[in-house]
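In what follows, chains carry the letters A, B, and so on, assigned in the order in which the sequence lines appear, proteins first and then strands, with residues in each chain numbered from 1.
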Amino acid sequence: MSSTKKRRTQLDIGEGLRALSAYGDTPAAARALNPLTGRPFSARYYEILEKRRQLPVYGFLAEVLEAVRSHQTVVVEGETGSGKTTQIPQMLVTAGYARNGKCIACTQPRRVAAMSIAQRVSDELDVRLGEQVGYSIRFEDTTGPLTVLKFMTDGMLLREAMTDPFLERCGVVVLDEAHERTLSTDVLMGLLKELLVQRKDLRVVVMSATLDASKFQKYFDDAPLLRVPGRTHPVEIFYTPEPERDYVEAAVRTAAQIHACEAAGDILVFLTGEAEIEDVCARLRGEATKIGAERGELVVYPLYSSLPPHAQRKIFEPPPGPRIPGGMPGRKVVVSTNIAETSLTIDGIVYVVDPGFSKQKVYNPRIRVESLLVSPISRASAKQRAGRAGRTRPGKCFRLYTEASFKNDLQDQTYPEILRSKMSNVVLTLKKLGIDDLVHFDFMDPPAPETLMRALELLNYLNALDDDGVLTDLGKHMSELPLDPQLAKLLLASPEYSCSNEALSIVAMMSSPQVFLRPKQRQREADEAKTQFSHVDGDHLSLLNAYHAFKHHASDPSWANQNFLAHRSLVSADSVRDQLARILDQRLGIPLVSTDFASPDYYRNIRKAIVAGTFMQVAHLERSGNYLTVKDNQVVAIHPSSVLDAKPPWVCFEEFVLTSRNFIRTVTAVECRWLCEIAPHYYDLSNFPKCEARAELERQYRTILAERKLNKSPKQ
DNA sequence: AACTCATAT
């Protein structure tokens with residue numbers, strides 16, 4: 001290890017440039033030793049090198065390096081296929097920016113990208129993945145003492161910043177796919193902007209697709225902007241002459257027409273959600289039977305994230321051949337959510353059908369609710385969708401809206417996530433990072449003041465921030481947990497109620513995607529299966545029952561699906577639980593305890609811990625038979641998926657769902673008394689609207705007071 | 001009586 005360290009320090013920029021220009025130039029260079037390992041380069045290295053030299057970015061590397069040498073921040077704008085993601089980070093290593101124990105950190109919005117790019121760059125540099133080049137994502141860190149180049153998720157770098165606030169382990173931070181404007185990338189940009197002032201040796205490279213790169217340039221104080229061409233095929237765009245009334249029907253019709261009239265090549269249709277996609281798939285299969293055998297078979301695949309992996313993999317199967325000799329080959333049509341816009345690339349797509357909608361998260365700070373809305377996409381998103389037709393050869397994109405609508409109605413960019421999300425977790429993270437003045441924190445797009453106020457208010461009620469907005473010890477502990485503040489609070493409060501083991505399971509289940517399955521064709525069966533996990537007091541406890549049952553049947557991998565539970569989600573809940581237990585036990589020294597299962601307090605204690613986290617999300621049953629949320633006075637109904645049968649007078653809930661009605665989901669019955677005892681500062685009647693709930697709270701407080709007096713009075 | 005895009009720690 002020490003010899004490698006020495007080698008690493010010997011690399012300087014001059015040597016890096018020499019190494020760079022020597023790549024594949026002469027037979028002498030071909031016999032060179034790999035400066036990273038000291039071993040001769042393999043034959044495979046030279047094979048890959050040939051391909052690398054043909055990437056559009058290759059001719060720009062010296063220019064990028066020069067910009068990094070003379071500026072702290074550089075913005076690189078590069079289209080798909082430019083090679084910037086693989087070439088620029090390794091060029092920085094070769095050029096000596098990973099000296100003195102520092103490394104190059106390159107962020108990606110998605111885990112799979114971090115993993116696959118790390119593998120690719122390891123191959124290109126002729127090193128073993130996990131040694132000089134590695135990746136770091138949640139649950140998996142392949143980096144080690146030799147690592148000089150590390151690919152990681154943006155969320156992971158943000159986590160790292162919490163223990164290394166100056167990012168002293170990083171020589172250069174490369175933010176890739178910055179145009180996606182994920183929550184973590186946006187927070188990192190603000191953080192890095194402050195760090196660059198304090199750490200003059202730090203370098204930042206912001207990489208973006210050709211969307212608004214000048215916005216990044218301006219944000220980073222007129223950093224140099226380098227443009228790298230991409231390598232894609234032209235895509236011809238078609239618009240509808242008139243607006244479409246029903247985009248689902250139009251999508252089916254368009255895809256069927258492509259199959260009937262256009263040359264060979266696969267089709268990608270963008271829709272908004274699972275139900276819509278399954279519906280369109282069924283209709284397309286029907287249409288396909290009407291088309292003559294000379295056109296070849298049409299194979300239809302749905303694609304969305306909750307689809308099991310084996311079904312997702314089907315989209316990569318080659319299309320079928322002709323049905324009759326001399327006929328057209330068959331083709332596949334993939335009907336997908338936005339997952340195919342950025343996360344998954346399907347080779348062979350020549351035709352894209354774009355109805356112009358997607359589901360987007362929106363946050364309403366007034367009612368503190370995040371919800372999903374079907375909304376028109378942005379022009380940037382429309383261009384990205386069209387580009388999916390030109391990956392392998394020239395393609396066509398059919399937009400199911402008018403050209404005028406594209407030009408005049410669509411907004412230029414999708415609103416960044418930071419403007420569409422709750423800020424409670426971000427604020428907690430920033431406080432932990434030592435950023436006290438959130439109002440003046442330099443966000444590229446600052447969230448609405450009301451959204452920040454809501455977050456501060458919530459964290460104050462949870463006792464994560466004191467009245468001056470300073471992080472409390474509890475808040476510090478909460479920030480260590482990869483959870484929403486309410487769930488973190490629930491978990492940290494649970495030892496007081498002797499149920500941290502159970503709280504871990506519940507919180508892990510709530511952090512995982514939908515556990516209970518309900519396929520459209522087998523709803524009754526699914527509902528029946530769910531009853532075996534039902535707990536009379538609500539959904540949190542039913543999740544606990546399901547988790548326990550899963551652990552009990554761990555040896556049988558088919559058990560989950562037979563019982564209409566998502567095996568993938570349960571496995572994910574299990575690893576989340578492991579991670580949380582480790583943080584609690586090893587990092588925070590918090591005891592993992594349970595109440596005796598036979599005790600009548602077993603479930604009551606768990607419900608009290610739930611109140612400790614979610615006392616701000618409580619609804620009260622009115623005499624009218626409706627539930628009203630506490631303080632906000634919104635009329636809500638218990639979601640029909642809830643196991644709660646009776647209508648308990650007080651419930652706390654995990655989420656608020658705005659669909660056909662205002663529903664509350666993941667609901668548990670609680671007692672009025674617990675609200676008064678566990679969260680008196682929130683159920684403070686001097687600050688409480690007049691309503692039925694208030695009257696009941698008043699009665700409860702009088703009872704508690706009377707009992708205290710009784711207990712204090714001397715025994716007779 | 002139900003209608004969760006995607007991603008991350």
Considering every strand and a 4.0 Å limit on heavy-atom distances, what is the contact class for A:Glu655: base, sugar-phosphate, or nothing?
base
Find the distance A:Arg420:CZ to B:dC5:P and express it as a whole number of Å.
15 Å
Can you confirm whether A:Arg169 is buried at CZ, in the sense that more than 12 heavy atoms of other residues, nucleotides or ligands lie under 6.0 Å from that atom?
no
Between A:Thr659 and B:dC3, does any side-chain N or O lie under 4.0 Å from OP1 or OP2?
yes
Heavy atoms only, 4.0 Å cut-off, all strands: where does A:Ser184 land among base, sugar-phosphate and nothing?
nothing
What contact category does A:Glu341 fall into here, base, sugar-phosphate, or nothing, at under 4.0 angstrom with non-hydrogen atoms?
nothing
Would you mind reading off the distance between A:Leu483 atom CG and B:dA8 atom P, rounded to a whole angstrom?
16 Å
With sequence neighbours left out, what residues match A:Asn563 under side-chain contact (heavy atoms from CB on, under 4.5 Å)?
A:Gln532, A:Phe533, A:Trp559
Pick the nucleotide of DNA chain B nearest each of A:Ser660 and A:Gly155; which residue has the one closer to the 5' end?
A:Ser660
Report the distance from atom CG of A:Asn501 to atom CG of A:Leu544, rounding to the nearest 0.5 Å.
10.5 Å
I need the full list of salt bridge (Lys or Arg N to Asp or Glu O under 4.0 Å) pairs touching residues 420-432 of chain A, with sequence neighbours left out, sorted by first then second residue.
A:Lys422-A:Asp484, A:Lys432-A:Glu480
On the nucleotide B:dT9, are OP1 or OP2 found under 4.0 Å from the side-chain N or O atoms that A:Thr153 carries?
yes
So, OP1 or OP2 of B:dA1: does either fall under 4.0 Å of a side-chain N or O from A:Ser641?
no
Does the B:dA8 base have a donor-acceptor partner in the side chain of A:Arg110 within less than 3.5 Å?
no
Select base, sugar-phosphate, or nothing to describe what A:Ile137 touches, counting heavy atoms under 4.0 Å on all strands.
sugar-phosphate
Select base, sugar-phosphate, or nothing to describe what A:Asp279 touches, counting heavy atoms under 4.0 Å on all strands.
nothing
Base, sugar-phosphate or nothing for A:Thr342? Non-hydrogen atoms, less than 4.0 Å.
nothing
Within 45° cone and under 6.0 Å: A:Lys314 NZ/CZ vs A:Tyr301 ring:
no
Would you say a side-chain N or O of A:Arg661 is under 4.0 Å from OP1 or OP2 of B:dA2?
no
Taking any heavy-atom pair under 4.0 Å as a contact, classify A:Arg518: base, sugar-phosphate, or nothing.
base
Counting any heavy atom closer than 4.0 Å, what does A:Thr337 reach on the DNA or RNA strands: base, sugar-phosphate only, or nothing?
sugar-phosphate
A:Ser358 side chain N/O closer than 4.0 Å to the phosphate oxygens (OP1, OP2) of B:dC5?
no
